[in-house]
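Written out below as structure tokens is the structure these notes cover.
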Amino acid sequence: MTTEPSTRTATGRGLTTGTLAAGLLAVCLAQIGLAIPATLNGLFQSDLHPVGSQLTWISDTFLLPVAVLELTFGLLGDLFGRKRLLIGGASLLAAGELVSATASGIHQLWAGQALAGLGAAALFPTSLAILAAGTTSPAQRARVIAMWAALLSTGGFLAPLLGGITATYGSWRWSFVVVTAIAAASAAVSALFAVNSSAPAGRSLDVAGQLTIGLGLFSLLYAIIQGPTDGWASPSIIIAFALAAVFLAAFVLAEKRAKSPLLRLDLFRNRAFAVASVVAVVGMFAFLGTAYSVSIRLGPVQDQAPMRTALAFVLLNGITLVMLPLTERLLRTAAPGLLLGAGLLLIAAGDYWAATLPITDSAFTSLILPLGLVGLGFAITVSSITATAVNTVPMHLAGMASATTNLLRDFGFTLGPAIIGAVALSRAASNFSDSLHNSALPGALKGAGTAVLDEGGPLAVNGASTTSPKLADLHPLALDALGHGYSIGFIVCGSAALFSALLALITLRSRAAPHTDSTEH
């Protein structure tokens, strides 16, 4: 790999200051793009009036291309150079956010978020790979991974602040304009200062692998998100689940036969890598499912100000940056199972605590401790997952390992809103329907409540009952039903984190010996 001795830093003899800045800014940008819609869910609900699962799709149209295409972008970076992908990814994200900022309806907003997600899909694996490629020792790589994870969370920390401030003093549209400007700056920094790297040996495009995993993941997420709206037993949902199983099985077969697979399945023979992969999916599902539940609780359900949601996300994401020095040291000295287990247990504890909070409690102080526990757990977990996965493969596979880890982590992120939205809204709709049926409300009002529920779901009932005096008597029923539904969501997230913690503690009992192979071109 080409280096510039005059700009080498203590971070790693082969890692230039410009490359470090470009990689860290890129991952921060990608996470800002991923996280910012969550702060704005309440405004989307009141302005664009999404119905059924449409609100969930705003987040997942960004996350879906990230989850589907990260492996391919990791491969493209290895083949054609990572600098190009940093520039191109930031440019795509800027274009997508600009489309979102000018959206006149929910469908244009989906299109903009999908385009932005395509850019983020290039940035997540490429930013980690270009940084890891410049390190020359396990200790240096641990430091860089800790910094990368800290900037990932910094993006999650900044996104709600940007969203809250712009929405409070302007419009939700300005949030996307600000992200567009950050993306343009990231593209410029990468173009001017990043040093290119690649690892093309033995790599080539795997069209069959990309098609099968793309179709498989899309079918699975479609079924999960649309299930509550279309009905779990409806033909479209059953077909989508069946297609997901077929395509994902075809992906495994395609990778076994490919000369240059998109994903080397033998990576999973490494126990530490395999466990980190499972934890990446389940643990990150728990974290983003928690974040999504908080955003819906504070926004569309309680109708609190965007800045209140922003402060909640500061608790969830900001702790990682504060803990950077400690995290770096722990990555070098502690057993991965202990770190992963401890972080996930903290997430579980915070979720179970949050599940006990009544929906009528709108005091922010009630959320501080449970969300603080989740944020602390995430700070430990996200760095540990990445370090465990990347440090246990040879250096020349760092691009594939980072892309795989990012794919699994972001697939877990994608499942968070999808599954929690499905579980919470299904439960809330059932509870509201039962409560409405058993109430002493007039028949005409019951009929109106049922009609709104059938048309837009429980969130629509909650919104309509706060704005229409004729439907005001429905509000306590809708609020209670949604509170119960999202409490179940917190419990599901906590249980997922607890499962992941036990898996890590049981299977990763000793510290993995990292590979030091530094083959790069």
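These numbers come from the heavy atoms of this one structure, side chains and all, not from hydrogens, waters or symmetry mates. All figures in this text were calculated on a predicted structure; none of them were measured in a lab.
I225 CD1 to I419 CD1: the interatomic distance, rounded to the nearest 0.5 Å, is 10.0 Å. Taken from CD in Q113 to CD in E97, the straight-line distance is 5.0 Å, to the nearest 0.5 Å. Between L128 atom CG and L123 atom CG the span is 12.5 Å, to the nearest 0.5 Å. Taking CG from L217 and CG from L248, the interatomic distance works out to 5.5 Å, rounded to the nearest 0.5 Å. Considering CG of L29 and OG of S186, their distance stands at 5.0 Å, rounded to 0.5 Å. Rounded to the nearest 0.5 Å, atoms CG (L93) and CG (L34) are 10.0 Å apart.
Evaluation of the ring pair (Phe, Tyr, Trp, His ring centres under 6.0 Å) test over residues 291-313, restricted to residues two or more places apart or in two chains, returns none. Every pair tested for side-chain hydrogen bond (donor to acceptor under 3.5 Å, both in side chains) that includes a residue from residues 212-223 fails, sequence neighbours excluded, so the list is empty.
Closest of all the heavy-atom pairs between E255 and G209 is OE2-CA, 3.3 Å. Of all the heavy atoms in A183 and A94, the pair that sits closest is CB-CB, 3.6 Å. For V68 against I213, the heavy-atom pair with the smallest separation is O-CG2, 4.3 Å. The two residues L131 and T19 come nearest to each other via the heavy atoms CD2-O, 3.7 Å. The two residues L63 and P417 come nearest to each other via the heavy atoms CD1-CG, 4.4 Å. Scanning all heavy atoms of the two residues, the minimum distance from G164 to M307 falls at C-SD, 3.4 Å.
No side-chain heavy atom of L152 sits less than 4.5 Å from a side-chain heavy atom of C28. Residues V294 and F490 have side chains in contact (heavy-atom distance under 4.5 Å, counting atoms from C-beta outward). Proximity of F378 to M284: side-chain heavy atoms (C-beta onward) are separated by under 4.5 Å at one or more points. Side-chain atoms of I58 and L40, non-hydrogen and from C-beta on, never get closer than 4.5 Å to each other. For the pair L161 and V314, the minimum side-chain heavy-atom distance is below 4.5 Å. Using a 4.5 Å cut-off on side-chain heavy atoms (C-beta onward), L298 and L367 make contact. Using a 4.5 Å cut-off on side-chain heavy atoms (C-beta onward), Q54 and W110 make contact. Inter-residue side-chain proximity for L48 and W172 is flagged as met; some heavy-atom pair is nearer than 4.5 Å.
When the options I319, L316, T381, L371 are evaluated for a side-chain contact (heavy atoms from CB on, under 4.5 Å) with L376, the one that passes is I319.
The ring pair (Phe, Tyr, Trp, His ring centres under 6.0 Å) test applied to F247 returns no partner, not counting sequence neighbours. A search for side chain to side chain contact (heavy atoms under 4.5 Å, CB included) contacts involving L326 returns M323, L330, not counting sequence neighbours. For S175, the side chain to side chain donor-acceptor pair (under 3.5 Å) partners are T166, not counting sequence neighbours. Under the rule for a ring pair (Phe, Tyr, Trp, His ring centres under 6.0 Å), F62 has no partner lying at least two apart in sequence or in another chain.
Not a single donor-acceptor pair under 3.5 Å links the side chain of K83 to the backbone N or O of S197. A donor-acceptor pair under 3.5 Å links the side-chain atoms of S127 to the main chain of F124, judged by distance alone. Although no hydrogens or angles enter the test, the distance criterion places no donor-acceptor pair under 3.5 Å between the side chain of S171 and the main chain of W174.
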side-chain contact (heavy atoms from CB on, under 4.5 Å) evaluation trace for L215 with F251: CA-CA 10 Å; L215 292 170; F251 171 72; over 6 Å; no
L373 vs I347, side-chain contact (heavy atoms from CB on, under 4.5 Å): CA-CA, chis, key distance, verdict: CA-CA 6 Å; L373 287 174; I347 293 176; over 6 Å; no
Residue pair L162, I32: steps toward the side-chain contact (heavy atoms from CB on, under 4.5 Å) verdict: CA-CA 9 Å; L162 292 174; I32 288 174; 4.3 Å; yes
R82/T126 under side chain to side chain donor-acceptor pair (under 3.5 Å): CA gap, chis, key distance, verdict: CA-CA 6 Å; R82 293 154 185 155; T126 306; over 6 Å; no
CA sep, side-chain torsions, deciding dist, call: I420, C493, side-chain contact (heavy atoms from CB on, under 4.5 Å): CA-CA 8 Å; I420 298 306; C493 292; 3.6 Å; yes
Residue pair Q108, T102: steps toward the side chain to side chain donor-acceptor pair (under 3.5 Å) verdict: CA-CA 8 Å; Q108 184 179 339; T102 59; 3.1 Å; yes
Audit row: S293, T290, side chain to side chain donor-acceptor pair (under 3.5 Å) steps and yes/no: CA-CA 5 Å; S293 295; T290 303; over 6 Å; no
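Side-chain contact check for W57 and Q226: at least one donor-acceptor pair (N or O, by modelled atom type) lies under 3.5 Å.
Between F413 and F287, the ring planes lie tilted relative to each other; the angle falls in the 30° to 60° range.
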